[in-house]
Every structure is written in structure tokens, then in C-alpha cells.
Amino acid sequence: MTRAAAVTGAAAVTRAAAVTGAAPPGAPYDVVVVGAGVVGSAIARELARFPLRTALVDAADDVGEGTSKANTAILHTGFDAVPGSLEARLVREGHRLLTGYAAHTGIPVEPLGALLVAWDEDQLAALPGLARKALANGYGAARLIGPEELRAREPHLGPGALGALHVPDESVICPWTTVLAYATQAVRAGVDLLLGHRVLDVRPGHELVTTRGVLRTRFLVNAAGLHADELDRRLGHRDFTVRPRRGELIVFDACARGLVRHILLPVPTARGKGVLVSPTVHGKVLLGPTAEDVDDKAATGSTAEGLAFLRERGRRILPALLDEEVTAVYAGLRAATEEDDYRIACHPGQRYVTVGGIRSTGLTASLAIAAHVVGLLTRAGLEPGPARELPAVRMPNVGEAFPRPYADAEAIAADPAYGEIVCHCERVTRGEIRDALASPVPPATPAGLRRRTRAGAGRCQGTFCGAAVRELFEGAR
Amino acid sequence: MTGTGTTGTGAGTTGTGTTGTGTGTGTGTAERTVDVLVVGAGPAGLAAAARLAARGAGTVEVLEREPERDLAGVRRRADAAVRAGAVLRAGATATGWSGPLTLDTTSPSGRARVTARAVVLATGARERPRAARLVPGTRPAGVLTGGQVRRALDRGQPVGTRAVVVGAEPDAVRAVRTLRGAGVRVVAVVTREPWRRPGAVTGRLPVLRGTAVAEVLGRGRLSGVRVRHRDGRGTTLACDTLVLTGDWVPEHELARSGGVALAGGTRGPAVDGASRTSVPGVFAVGGLVHPGGPAGGAAAEGRAVAGPVLAFLSGAEPWPGAVVPVEGGAPLRGWRRIAGRWRGPWW
């Protein structure tokens, strides 16, 4: 079976429910998860292991459309979490779980290791403390390296680096494939994916009034990300307020990939967090993020000041990076709250679990959060029944470190569509686009297609392939 | 179409790499050798191929990554090259190098490894898109390059109703014409550059000189752009389409991955007066070297490379030790470097 066929198998059966999104009439759901980001999708997938009627509901027309689509794409060890916090535990567990899951499902991961580079005496002095913190978090492999080893590891680093903390197990991951793998597996196991359902109100007895009708459920999970506080208030809770923190990021062209080998993390000091430079699994280089508290939960625009700030920082870290072309600029909103830890709370009387305050570590922690939340639901009275094996999924590879169809002579011989390159910058073939459009969780927009296949994500940004990709997209509708 | 067979294995193929090296088996990588491999069927590449084939360079093959249907704009030049004896392979992408003069290719008929005695890179240039220009704001649909507009219209796709065009002559003028031809109202042209011929083509269209787009507005679909003059004045133009023209960048990925040295200014391959790059046997012509130049100039450069390529094939002339960058002497009459970019004779 080809890598694509494994994913497309259930398409015909589930596409109607996933896409048309008509609220199924009749019996209430056992669990409704509000929010189809990386956390909500992971929870739905975990629930799919049990004989339950589960729905995954989102206002957007795709999974991972909120804060999950614009992060720094790092699979963290949790070495720098607050020891003893819930976040520390779930990130540590999640790192182990997602590493295994990614290998199994074909989510691209590259274990590059991270270097926390010290650029001044303050930062250098902070490194031993970070190494101790790593130990307190159960991570023993971090070690200090001097300027010579640092230079040998990163020859293109700017002048003035004094040393670094090497964290060998930090990895980069494809955040989009991760959400898609969870959602795909959940849908194939029978979860109803209800996109385009904005929750307007929650009436007593867990009646969710959505823009596309009323859903009834016995148990409710709030994984609404930036909007988790609003949903929480409708259930009568005022435990936290989400204060969106905008992070602007610049993605540099694949020609820059050779300039950097590790994830270059900033050293956090009292004067704040710096920016990182990181390779991506798609073969590019990421610079960012900024950190700016904003009021608007839709303020995902980039700013001239933010971009100038990033370029100034980037020039210090990796001067040659600034000579390369930029392929994308985006801004994500992190769901920051008043407190540093995750805000996961169980309200047994209401058969309700809130999963709030999940910040950028949520991608790493997602599978552990999901297991934790199902545990909380059980404590609140959910009887999940016997667990079963989930249907296996194998996601199409979009990672640069792994074989891709355009270079696979056998795949092309078996299906010439894999030899027909449509997006030249990213070398995405018509076969891959066709597969994505026919997948169990198909894209609703060309941007969704881009996240699934990389079509249009390259240096020309659609100049060459935009019209051809649009034709394929519209032909599939 | 005349030319070489597709599966011949010649001496000099390296046969390395991870893919199979079987020939013509249907599952492996086919191998063949040619005398000259031209990458890119634009005006420069096709003119080079036509002249080389006509002058007896042997087997001359042109790789073009776009499919046959998208070659309408160069049909006449393509036919001329084929008539002269060159083989044109549309829908075939050179994905990388597996030897000094060996390229791996992908096409619907499979993977292939082509070894040439000389390679002419003619991969062209692209207009710098929005993110690369670091234009801040939201990320709505409706922000396109000039080339993207033409490709969309070629496929019968609508591009919008009210457009703002960014750029200088001649690219911005061409975009205005294209958009008007498609029934799109052009609201204004925004340009940092001077505008030599006010009113000549644009009629009563406002040309905002010394002005740049400061922010893209709108969610889902573009709703407008905030523009700012260099004196600080600004305004918001309502539009559903923003067309970014000019600001050409060479499509140099293949050149770079082959170790070809780049010229400082354009970041295209550094070449000498004979279009020779820093890699022996590899030539570069056209928009790749002079991004944004006119098609006629590129074609002239393509024709002109035939002589040096033939001289190289005959072994008559040693490859220069160090390439003198093109900045030292522009090969095209009337071309000048202004503000880091090559300007044609019309400037």
C-alpha cells in the first residue's frame, strides 16, 4: 500500500460527517470536545479508543486553525519547565509519547538537539542554573560547552558567543502533521469532526448552541485555546483569563538550511526571553518569536517593528541568515494566562473539564494532556468501557529528512502523478495534492492544503504554482 | 520530436546515490547522456538550445519543469529549438546534482539521471513575493505577484475587482495592462521609484511615487492597503487585490546546490563575458543572471552562449581559473546597474 492509500482508506465513509458538518440528530454525545487544535484533537483521539460517542467541534473550517498552526514547531524535552509543575510532568511524558507516536505515524521529527547560546556574561552565568533545572526535571543529558565546541558545532554563528548549554534531545517536528494525524485517527475511529460549528452558548444539561445547530452531550471538554476562558465563563467559572501573547516569526528559504545545525534557543534571563533560530522539518529556518501582549484574540498580523526586531536579533545570532530570502512571515497567538502553569481543571458536578492556559509546550505535551484529561473525565463519572486499538494511520511525509515522492522512482513508476511536480519550490507532486484532497480530514482552503502538502509554502509563495494548485483544489470540490 | 533516446547509459555516468540505477526497467532511475543539457525553456534557454543544435553541438536537451500546456508564451521559440534538433522535455524538473555535470530529474515518466558534457542554466527569475518584501499586516487572500496574476488569468481564474499595483516600469505597466484587460479596476500604482512616463500608459491612473505599502489589511480576503510616502504622509487604499511586480530575484537554487558561486549584487551566478560560471562546464544565461531583463535580451544572451559552449566542448579553451563577475562588463548593450539592479536600455 502506498503511503497515501493508508490515509485515504476511510475517506468515503467519514467525509460527509467531517465536511458537511451537519449536527447529527438524536442521542446525545458521551463527550464533546470544543476546540480542534493540537490539544483538542489529541483528546478526541484518546477518547476514540473507547466505545463512546465523541464529537470534536471547532468554529474554524479546519483542524489546527488557531494557535496550533503558528508555533515554533519544537518537540521539547521539558528541561526548562518549572520543576514540579503539571506542565513539567505533561511535557516530559508528552515528549516520550509523541516521539514514539511520530515514528509510528510518519510525523516528521528531526532530533537536532538544542544549544542555549550565551551572548553575554549574564547569560553565561545563567547556564549552570539551567543545567540544574534540567536535572530537577529528570533530564540528565544537558551539558555546558565552551566557545570552541560551540563554534565547531555552529560555524556560522555570529561573533561574540561565550558558550552554550547543549540539550541533545530537543527536536523539531511538523506541527501541522501532528494535529492532522490525531484528527485523522479520531475520525477513522468514529469521532464526529464538526468543523464550522462555533459554540455560541452552553445551556443547562450541556446543550451546546452552535452556529449549525444544538449539540447535546453528557460530558464536556473545553480545549478552546484562546477562547477557553470565555467558554469557562459560560459554565460559571472565572478561574483564568486568556491574555493573547503575539509571537511574530520569519521563515527563511531552504537555501538557508545549511547555515544552522541545531535549534538555537535563547537563554532566559531576568531581562526576558530572546528569540530562537531553528531549522524546520520542512527544510527552512525559523527566526522568532516576538512576545507582545495584545487584547485582540484575532491580532495575527505582523508588524514593521516586530520584523525589524527579529531581523536585528537574527543578524547577531546568524549573520548570513539575513542575506537569504524570506518565504513566510506569520504571527501566532499564545494562550497565556495570569499563571505560568497549565490550567487544567475538573468539575465533576458539571461533568466538565477545562484545559486552559496551554502555551507553546502544548504541542509536545498533547498526548500526555489527552491521557490526563480522560483520567479526569473518568473521575468525573465517565465510564469509558474497554479500550481498543486505534486504526493505524500513516501520514504522508512532508519532512525534508525523509524520502518524498518526487525522488522516489518506485512511487512514480507505480503512479506517474508522483512524478508530476506542481509546486516547484517545495517539490510537491500532483499525487500528493490529490491524496490530501481525498483524505479523511481534507483541507477547506488552499492554506489548509499548503499545511498538508507544503504546496505554495516555498520561496515563490505561489507565483509559479498558485494557479495550478487552485485549479486542483477547486476541481476536488 | 527528434533527439536522443531516453534510456541510454553512457560512459561518464556516476551511478551513485540511493535510487536504483537500472535503465528502462520502469522502476529504477533511467540514465542517459547528452552533449548539452539546458535547464529552463524560457527565452534564454530555448535560444541557446536552438543555436547549439543548429551549430552541431550534438545532442541538445532542454528540461522544463512546467508542463507542455504552460509553454504557450514561448511556443514560437520552443518550436524553433525543436526544429533545430533540440529535445524539449516539458514537465521534467532538475531536482539536484549527482555529479559535476550530472543532474537528477523527475517527470511523470520517472526519475532520470542525465549526464552532459556541458550544462546551461537558464532557470530564470521570479518577482519577489510579499513575505520576502517584509510587508507587514495580516495574511489575506488577494496578495499576488504579477506573474501569479498572469498565470491565474491564463487558467481562467478570476483575480479580483479592485487592484493596487506595486512596482516600477516596465513591470508595473505590464501588470496594469493585464489587469485592465481582465476587467479589473486598477486603483493606483504604488512605487518607490521615479516614474518616467506619467500618463503614457496609465492614463488618469494615480501613480503614488516615493510611496510604499506599509500594511496589508483584511481577514480572509484583502480589504485594503495602508500606504506611506517617504515624507511620512499616508493613506489607506481600499482594494481586494494587491499585485507586487518587479523586484526580481534569480531562481538560483539549482545553481547554488551545484556549487556555483554567486554574484554579490543580484545573487545570480557570477559569470564572465562568455557566461561561464565558477564550475567548469556550467554556463548561466538570461534572467537567472540578469533578473528582470527583457525577453529579447535574454534570448540574445542565449544565442551568444552557443559559441563559448561549443569552444568548451571542443576543448579549445581552458576554463578560467577565477570567474570575473559580470559587474565588470555587462554583456548586453545599453544595460546598466542602478540601485543594485540591472536596468535595460529603456531606463
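A note on names: the letters A, B, ... follow the listed sequences, proteins ahead of strands, and every chain is numbered from 1. Below, all heavy atoms of this structure are taken into account, side chains as well, without hydrogens, waters or symmetry copies.
Ionic pairing of B/Arg69 and A/Glu471 is present here: one or more N-O contacts between side-chain nitrogen and carboxylate oxygen are shorter than 4.0 angstrom.
Looking only at heavy-atom pairs under 4.5 Å with chain B, the residue among A/Arg427, A/Glu420, A/Glu248 that has the most is A/Arg427. Of the listed residues (B/Ala214, B/Gly110, B/Ser107), the one with the most heavy-atom contacts under 4.5 Å to chain A is B/Ser107. If you tally non-hydrogen atom pairs under 4.5 Å between each of B/Gly137, B/Ala141, B/Gly147 and chain A, the highest count goes to B/Gly137.
Both the backbone and the side chain of B/Leu134 have a heavy atom closer than 4.5 Å to some heavy atom of chain A. If you measure heavy-atom distances from A/Thr303 to chain B, the contacts under 4.5 Å come from the backbone alone. Neither the backbone nor the side chain of A/Asp253 comes within contact range of chain B; no heavy atom of the residue lies under 4.5 Å from a heavy atom of that chain. For B/Val249, the part sitting under 4.5 Å from any heavy atom of chain A is the side chain, from C-beta outward, and nothing else. Of the atoms belonging to A/Ala417, not a single heavy atom falls under 4.5 Å from chain B. With a 4.5 angstrom heavy-atom cutoff, A/Phe252 does not touch chain B via any of its atoms. Using a 4.5 Å cut-off between heavy atoms, A/Arg459 contacts chain B through both its backbone and its side chain. Contact of B/Arg128 with chain A is made through the side chain alone, with heavy-atom distances under 4.5 Å. For a residue to count as touching a neighbouring chain, one of its non-hydrogen atoms must lie under 4.5 Å from one of that chain's; by this rule B/Arg155 touches chain A with backbone and side chain alike. In this structure, chain B has heavy atoms under 4.5 Å from both the backbone and the side chain of A/Ala468. Neither the backbone nor the side chain of B/Arg133 comes within less than 4.5 Å of any heavy atom in chain A.
Side-chain contact between B/Arg126 and A/Glu325 is present, with heavy atoms from C-beta onward closer than 4.5 Å. Using a 4.5 Å heavy-atom cutoff, the side chains of B/Thr145 and A/Gln461 are not in contact. Side-chain contact between A/His424 and B/Glu251: absent, with no pair of heavy atoms (C-beta onward) separated by less than 4.5 Å. Between A/Thr300 and B/Arg219, some side-chain heavy-atom pair lies under the 4.5 Å cut-off. For the pair A/Thr463 and B/Arg151, the minimum side-chain heavy-atom distance is below 4.5 Å. Contact annotation: the side chain of B/His252 approaches that of A/Cys255 to within less than 4.5 Å [non-hydrogen atoms, C-beta and beyond].
Applying the side-chain hydrogen bond (donor to acceptor under 3.5 Å, both in side chains) rule to B/Thr95 yields the partners B/Arg111; only residues at least two apart in sequence or on another chain are considered.
Within a 6.0 Å sphere centred on CZ of A/Arg198, heavy atoms belonging to other residues, nucleotides or ligands number 12 at most. Atom CZ of B/Arg192 has 12 or fewer neighbouring heavy atoms from other residues, nucleotides or ligands inside a 6.0 Å radius. Other residues, nucleotides and ligands contribute at most 12 non-hydrogen atoms within 6.0 Å of the CZ atom of A/Arg245. More than 12 heavy atoms of other shown residues, nucleotides or ligands fall within 6.0 angstrom of atom CZ in A/Arg470.
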